Amino acid sequence: MREIRLPQPVGLKTEMAKALGKTAEELIEIVETKNWAALPALPEGRGTWEGWIDFAANQPDMLLAALKEGYRFNFATIGGVRTLLEVKWGLVIGQDYQDGGQSAEEVPLQDEAVQELGRLVTVPWEITRTGQTAPSGQPLYRIAHRS
């Protein structure tokens, strides 16, 4: 399997489409047929599909390979990490975890979520278990820039 690196906005919109119920197979069909109307409605405040559609139209082979083989973000900002935590796992800053400025603190994640997050946002992030647990019993993590 080759490693496909998507721009953060494209990766986040792809994850949002999945969170809104679209499978990778359905997204592949949308890209292949250019049936942009089949994309799910975005929640208020989540922008538009315009950038994702532009990428799909201009880089279809890359996006199709990413949907078929897997992908990671070529670079992620703290804002992108926070958005991913909310979109993919429903975690809200200040409610489910703490804002550490350029880090996310006390993030409750299951082992498989830690592995998925680590696969998606490798550069420049480090995910470290704090040794504490949430009231739900989930381990807590710190997500911060690598030193």
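All figures in this text were calculated on a predicted structure; none of them were measured in a lab.
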*Give, for atom CD1 of I143 and atom CD1 of I78, the distance between the pair rounded to the nearest 0.5 Å.*
7.0 Å
*Should the ring pair Y71 and F73 be called parallel, tilted or perpendicular, given that the plane angle runs from 0 to 90° and is split at 30 and 60?*
parallel
*Counting N and O atoms only, with roles assigned by atom type, does the side chain of R146 sit under 3.5 Å from a partner on the main chain of W125, one being a donor and the other an acceptor?*
yes
*Inter-residue atom distance W49.CH2 - D54.CG, 0.5 Å rounding*: 13.0 Å
_The test is salt bridge (Lys or Arg N to Asp or Glu O under 4.0 Å); show your working for E29 and K22 and say whether it passes._
CA-CA 11 Å; E29 184 176 333; K22 291 295 180 186; over 6 Å; no
*Do you know which two heavy atoms are closest between D96 and G90, and how far apart they sit?*
OD2-O, 3.5 Å
*With side chains defined as the heavy atoms from C-beta onward, is the minimum distance between T14 and F55 less than 4.5 Å?*
no
*asked:* Quick check on E32: does its CD atom have over 12 non-hydrogen neighbours (other residues, nucleotides or ligands) under 6.0 Å away?
replied: yes
_Measuring only between side-chain heavy atoms, which start at C-beta, is P108 closer than 4.5 Å to W89?_
no
*Got L42 and M16 here, is their nearest side-chain heavy-atom distance under 4.5 Å?*
yes
*With the side chain counted from C-beta on, respond yes when L27 and L39 share a heavy-atom pair under 4.5 Å apart, and no when they do not.*
yes
*Using modelled atom types only, decide if a donor and an acceptor are shared between the side chain of S103 and the backbone of E105 within a distance under 3.5 Å.*
no
*If you group Ile, Leu, Val, Met, Phe, Trp and Tyr by side-chain heavy-atom gaps below 4.5 Å, do L140 and L117 land in one group?*
no
*Any side-chain heavy atom of V107 sitting closer than 4.5 Å to one from R142?*
no
*asked:* Nearest 0.5 angstrom please: L109 CG to Y141 OH, how far?
replied: 7.0 Å
*N/O donor-acceptor pair under 3.5 Å between Q102 side chain and H145 backbone*: no
*Taking atom CD of E112 as the centre, report whether more than 12 heavy atoms of other residues, nucleotides or ligands fall under 6.0 Å from it.*
yes
*T83 pairs by side-chain contact (heavy atoms from CB on, under 4.5 Å) with which of E15, Q8, R46, K88?*
R46
*Check the pair L84, V121 against side-chain contact (heavy atoms from CB on, under 4.5 Å), reporting the backbone distance first and the verdict last.*
CA-CA 9 Å; L84 186 59; V121 295; 4.1 Å; yes
*asked:* In the structure I gave you, are the side-chain heavy atoms of L6 and R72 within less than 4.5 Å of one another anywhere?
replied: no
*asked:* Would you say that I93 contacts L85 through its side chain, given a criterion of any heavy-atom pair below 4.5 Å between the two side chains?
replied: no
_Short side-chain to backbone donor-acceptor contact, E26 and T23, under 3.5 Å_ = yes
*Non-hydrogen atoms of A65 and I4 that approach each other most closely*: CB-CD1, 3.9 Å
*Does a salt bridge link E25 with K68, judged by any charged N lying under 4.0 Å from a carboxylate O?*
no
*asked:* What's the separation between atom NZ in K13 and atom NZ in K18, rounded to the nearest 0.5 Å?
replied: 15.0 Å
*Pairwise distance CG(L67) to CE(M62) - rounded to 0.5 angstrom*: 12.0 Å
*Would you confirm whether R119, through its side chain, and V114, through its main-chain N or O, come within 3.5 Å as a donor-acceptor pair?*
no
